[in-house]
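Count residues from 1 along the sequence.
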Amino acid sequence: MARAGLDAERVVRAGAELADEIGFEHVTPSELARKLGIRTASLYSHVKNAHDLKTKIALLALEELADRASAALAGRSGKDALSAFANAYRDYALQHPGRFTAARFRLDPDTAAAGAGVRHSRMTRAILRGYALTELQETHAVRLLGSVFNGYVELETAGGFSHSSPGSEESWAEILDALDALLRNWPART
C-alpha cells in the first residue's frame with residue numbers, strides 16, 4: 001500500500017533532488033527511500049526497480065531542460081538563439097549536476113522517442129536554420145554543439161578550469177563566438 005501523500009511524481013522529484021545532492025550514479029531505491037523516510041518496499045508502489053527510477057529521473061531532467069531552453073529561445077535567432085540555448089543548457093548543468101547527468105542516461109528507443117529529447121533536437125535544428133546549413137550539415141552541427149556543450153560543462157563541473165586564467169565565463173563566451181563563426185562559415189563538401 002502506498003504511503004499517504006506519496007505519489008509517483010513526488011518520488012521522481014525526490015529522486016532528482018537526491019541526484020543533485022549525491023550524484024545520479026549513486027541514486028538507488030534504498031537511498032531514495034531513506035531520503036523520503038519510508039521503507040524501500042514502499043517505494044516499489046511507484047517505481048518498478050532502480051532502472052525505472054533512473055529512467056523517470058532522466059525523463060524529468062530532459063523535460064525541465066527542454067522547458068528552460070524553449071523559454072530562453074523565445075523570440076531569438078542567430079547568435080542570440082545559439083547563446084541563449086547554450087546558456088540555458090550550461091546553467092541547468094551547473095544548478096542541477098545530478099539531473100544533468102540523468103539527462104544523458106541511455107533510454108530505450110521507444111522511451112527516448114516519447115521523451116523531451118526530441119524537443120531538444122528540434123530546438124537545436126531551429127537554431128541552425130538561421131545559419132543556412134543543409135540538412136546533412138545540420139546533423140553534423142547538432143552533434144558538434146552537443147559535444148561542445150556536454151564536454152565543456154563536464155570539464156567545468158569537475159573543476160577542470162579552476163586552476164588557470166582566464167575564468168571559465170570568459171572562455172565560454174569565446175567558445176560561443178567561435179561556434180557562431182563556424183556555423184556561419186560551415187565548410188562545403190564537393
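To the nearest 0.5 Å, the span separating CD on E170 from OG on S165 amounts to 8.5 Å. Between the CG atom of L179 and the OG atom of S83 there is a distance of 9.0 Å, given to the nearest 0.5 Å. The distance from atom CZ of R90 to atom CZ of F149, rounded to the nearest 0.5 Å, is 11.5 Å. To the nearest 0.5 Å, atoms CG (L133) and CZ (R184) are separated by 12.0 Å. The CZ atom of R143 lies 9.5 Å from the OG atom of S147; values are rounded to the nearest 0.5 Å. Taken to the nearest 0.5 Å, the CG atom of D7 stands 7.0 Å off from the NE2 atom of H46.
Sorted by first and then second residue, the ring-ring contact (aromatic ring centres under 6.0 Å, His included) pairs with a member in residues 123-142 form an empty list; sequence neighbours excluded. Counting only residues at least two apart or on different chains, the side-chain hydrogen bond (donor to acceptor under 3.5 Å, both in side chains) pairs with a member in residues 106-116 are D108-T111. The ring-ring contact (aromatic ring centres under 6.0 Å, His included) contacts involving residues 50-80 comprise H51-F105, where partners must be two or more places apart or lie in separate chains. Pairs of residues two or more places apart, or lying in two chains, that qualify as salt bridge (Lys or Arg N to Asp or Glu O under 4.0 Å) and include a residue from residues 38-55 are D52-K56.
At a threshold of 4.5 Å between non-hydrogen side-chain atoms, the residues P29 and V47 do not count as touching. Side-chain atoms of L182 and L144, non-hydrogen and from C-beta on, do get closer than 4.5 Å to each other. Side-chain contact between H26 and E31 is absent, with no heavy-atom pair separated by less than 4.5 Å. Side-chain contact between S171 and F161: absent, with no pair of heavy atoms (C-beta onward) separated by less than 4.5 Å. Under the 4.5 Å side-chain criterion, counting only non-hydrogen atoms from C-beta, L36 is in contact with R10. With contacts defined as side-chain heavy-atom distances shorter than 4.5 Å, the pair R119/D67 qualifies. Put simply, the side chain of L32 does not reach to within 4.5 Å of the side chain of T40, judged on heavy atoms. Residues D180 and L176 form no side-chain contact, since every pair of their non-hydrogen atoms from C-beta on lies 4.5 Å or further apart.
We find that R68 and E63 are not joined by a salt bridge, their nearest charged nitrogen and carboxylate oxygen being 4.0 Å or further apart. Contact check on K35 versus E21 returns a salt bridge, with a Lys/Arg side-chain nitrogen under 4.0 Å from an Asp/Glu carboxylate oxygen. Under 4.0 Å is where a charged nitrogen must lie from a carboxylate oxygen, and between E9 and R13 at least one such pair does. Under a 4.0 Å N-O distance rule, the pair E154/R104 qualifies as a salt bridge.
Scanning both residues, A102 and A61, for their nearest heavy atoms gives CB-CB, 4.4 Å. Of all heavy-atom pairs spanning G159 and S162, the tightest one is O-OG, 2.8 Å. When all heavy atoms of L183 and A141 are compared, the pair lying nearest together is CD2-CB, 3.8 Å. The shortest non-hydrogen separation linking A33 to L43 is N-CD2, 4.2 Å.
Listed by chain and residue number, S30 satisfy the side-chain hydrogen bond (donor to acceptor under 3.5 Å, both in side chains) test with T28 (two or more places apart in sequence, or in another chain). For E174, the side-chain contact (heavy atoms from CB on, under 4.5 Å) test picks out no residue, with sequence neighbours left out. Every side-chain contact (heavy atoms from CB on, under 4.5 Å) that T124 has, sequence neighbours left out, goes to F85, L128, V142, L145. The side-chain hydrogen bond (donor to acceptor under 3.5 Å, both in side chains) test applied to S168 returns E156, not counting sequence neighbours. Partners of D91 according to the side-chain hydrogen bond (donor to acceptor under 3.5 Å, both in side chains) rule, which considers only residues two or more places apart in sequence or in another chain, do not exist here. For H120, there are no ring pair (Phe, Tyr, Trp, His ring centres under 6.0 Å) partners, not counting sequence neighbours. With sequence neighbours excluded, the residues satisfying side-chain contact (heavy atoms from CB on, under 4.5 Å) with D80 are R76. Evaluation of the side-chain hydrogen bond (donor to acceptor under 3.5 Å, both in side chains) rule for R122 yields no partner, not counting sequence neighbours.
Follow the hydrophobic side-chain contacts under 4.5 Å out from L73 and you never reach V118; the two are in separate clusters. Cluster membership for V12 and Y92, using ILVMFWY side-chain heavy atoms within less than 4.5 angstrom, is not shared. There is a path of hydrophobic side-chain contacts, each under 4.5 Å, that joins L59 to V11. Taking hydrophobic clusters as Ile, Leu, Val, Met, Phe, Trp and Tyr residues chained together by side-chain heavy-atom distances below 4.5 Å, L60 does not share a cluster with M123.
Side-chain polar atoms of T139 and R125 form a donor-acceptor pair below 3.5 angstrom. Using modelled atom types, one finds no donor on one side chain facing an acceptor on the other under 3.5 Å when comparing Y44 with N49.
A donor-acceptor contact shorter than 3.5 Å is absent between the side chain of S42 and the backbone of I38.
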The test is side chain to side chain contact (heavy atoms under 4.5 Å, CB included); show your working for N87 and W172 and say whether it passes.
CA-CA 9 Å; N87 288 328; W172 182 249; 2.6 Å; yes
Could you walk me through whether R99 and L65 pass the side chain to side chain contact (heavy atoms under 4.5 Å, CB included) check?
CA-CA 9 Å; R99 293 178 206 209; L65 187 51; over 6 Å; no
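Taking the ring centroids of F24 and F100, they lie at or beyond the 6.0 Å cut-off.
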